[in-house]
Amino acid sequence: MTKAVLGIIGGSGIYDLPGLENAREEAIASPWGEPSAPVRRGTIAGLPVVFMPRHDKGHRLSPSDINYRANIDVLKRAGVTDLISLSACGSFREELPPGTFVLVDQFVDRTYKRESSFFGKGCVAHVSMAHPVSPTLRIHLAAATEAEAIPFARGGTYVCIEGPQFSTEICYATVAMVTDFDCWHPDHDAVTVQDIIRVLTSNADKARNLVARVARNFPREHEPCPIGSDRALDTALITAPEARDAELLRKLEAVAGRALRV
């Protein structure tokens, strides 16, 4: 049988693995580009473990900037046979409050910037995602969370969006101007371009009136946003100051200068 080598990918807030014995750092080259960071090899209770911080130390990488293919490639080259990923996430369910660990069994991928496969032109493969999570690993994780008295849920769907995408650094609102019922309404399933343009034109006229009215009545002094949109970056910056890229900081001066002047 193949000797088990456990891989751990640390998410937000997990940049090291305490308890890793005989730890040593190893940079492994990948033909897929630069991984998030060098791996850390060691053992825990005699089990070989390979750790990689997904965002690098200091949280240098945003989710959209991570080279996921290189990370997996490097972990495979390090001999990893079983891989556990730790990810910070929000909850859509009241029964899953903060502090709960959800042992995910399905994924919904709503990303659009990252490469989604190792395969493509020259070697095409359609890898099944019907059952993306190892039931065996989930059993081990359930036993471990029970032993640690951590509140957890068996099973859940992880919805992955392009990020970071918590909020904006400006008070923001949208007026969605409806032009048609799309295709779902049984009495309006033959919408023409002419119909849409007619309503669009009418909407534009109303929108101009709306904007003028808002402008006339709008307070002349900025009102603090009750949900904190205008100060969203106060608690959103996660990259350590010493790990921030100077060129990017210069680019961010207009949109985030207030929060970045530390």
Side-chain angles (χ1 to χ4, degrees), residues 1-63 65-89 101-107 109 111 114-120 123 125-150 152-158 160 243:
M1 294 182 67
T2 303
K3 185 178 180 181
V5 178
L6 183 62
I8 305 291
I9 296 178
S12 300
I14 305 174
Y15 312 111
D16 205 348
L17 196 62
L20 193 62
E21 301 170 356
N22 303 313
R24 64 189 187 280
E25 196 168 273
E26 181 180 348
I28 302 176
S30 169
W32 297 95
E34 287 295 319
S36 291
V39 300
R40 284 182 63 78
R41 288 183 180 272
T43 59
I44 295 178
L47 175 70
V49 174
V50 180
F51 173 78
M52 175 181 285
R54 183 186 291 114
H55 301 278
D56 199 2
K57 293 179 180 179
H59 208 101
R60 180 178 61 88
L61 299 170
S62 79
D65 294 324
I66 294 167
N67 189 338
Y68 296 88
R69 293 189 298 184
N71 286 354
I72 297 300
D73 177 72
V74 162
L75 289 168
K76 289 284 288 184
R77 292 173 188 274
V80 168
T81 59
D82 301 272
L83 183 59
I84 292 173
S85 171
L86 305 169
S87 298
C89 70
F101 282 23
V102 180
L103 308 186
V104 174
D105 58 0
Q106 264 303 341
F107 294 91
D109 187 357
T111 63
R114 62 197 69 175
E115 297 290 345
S116 59
S117 177
F118 286 100
F119 301 97
C123 185
H126 297 282
V127 181
S128 173
M129 281 288 287
H131 303 287
V133 178
S134 164
T136 304
L137 279 179
R138 287 180 64 235
I139 290 172
H140 291 309
L141 287 169
T145 50
E146 283 184 331
E148 292 294 321
I150 299 171
F152 76 100
R154 297 176 188 266
T157 299
Y158 187 104
C160 188

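Looking only at side-chain heavy atoms (C-beta outward), I44 and L17 come within less than 4.5 Å of each other. Side-chain atoms of I14 and I8, non-hydrogen and from C-beta on, never get closer than 4.5 Å to each other. Contact of the Q106 side chain with the P132 side chain is registered, since non-hydrogen atoms from C-beta on lie closer than 4.5 Å. Between R69 and S117 there is no side-chain heavy-atom pair separated by less than 4.5 Å.
Pairs of residues two or more places apart, or lying in two chains, that qualify as side chain to side chain donor-acceptor pair (under 3.5 Å) and include a residue from residues 135-147 are E146-R154. Within the structure, every pair that satisfies the ring pair (Phe, Tyr, Trp, His ring centres under 6.0 Å) test and touches residues 24-51, not counting sequence neighbours, is listed here: W32-F118. Residue pairs meeting the salt bridge (Lys or Arg N to Asp or Glu O under 4.0 Å) criterion with at least one member in residues 36-53, sequence neighbours excluded, are D16-R40, E26-R41.
A distance of 11.0 Å separates CG of N71 from CD1 of I28, quoted to the nearest 0.5 Å. Residue S87 holds its OG atom at 4.0 Å from OH of Y158, rounded to the nearest 0.5 Å. Distance check, rounded to the nearest 0.5 Å: CD1 of I66 to CG of L61 gives 6.0 Å. The distance from the CG atom of L137 to the CG atom of D82 is 5.0 Å, given to the nearest 0.5 Å. In this structure, CG on D105 lies 9.0 Å from CG on L103, to the nearest 0.5 angstrom.
Summarising the local packing, CZ of F152 is surrounded by more than 12 heavy atoms from other residues, nucleotides or ligands at distances under 6.0 Å.
Remark: E34 does not engage R60 in a salt bridge, criterion side-chain N to carboxylate O under 4.0 Å.
Between P48 and K3, the closest heavy-atom pair is CG-CE, 3.8 Å. Listed here is the closest heavy atom pair of P53 and A37: CG-CB, 3.9 Å. Annotation for G58 and A243: closest pair O-CB, 4.2 Å, computed over non-hydrogen atoms. Shown here for R114 and P63, the closest heavy-atom pair between the two residues is NH2-O, 3.6 Å.
Residues meeting the side-chain hydrogen bond (donor to acceptor under 3.5 Å, both in side chains) test with D73, sequence neighbours left out: S30, R77. When the ring pair (Phe, Tyr, Trp, His ring centres under 6.0 Å) test is applied to Y15, the partners found at least two apart in sequence or on another chain are H59. Among residues two or more places apart in sequence or in another chain, the ring pair (Phe, Tyr, Trp, His ring centres under 6.0 Å) test is passed with F119 by none.
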Checking V50 against V74 for the side chain to side chain contact (heavy atoms under 4.5 Å, CB included) test, could you report, in this order, the C-alpha distance in whole Å, the side-chain angles of both residues, the deciding distance, and whether it holds? CA-CA 10 Å; V50 180; V74 162; over 6 Å; no
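Between the side chain of S36 and the backbone N or O of D56, no donor-acceptor pair lies under 3.5 Å. Judged by distance alone, with hydrogens and angles left aside, the side-chain atoms of R54 form a donor-acceptor pair with the main-chain N or O of L86 at under 3.5 Å.
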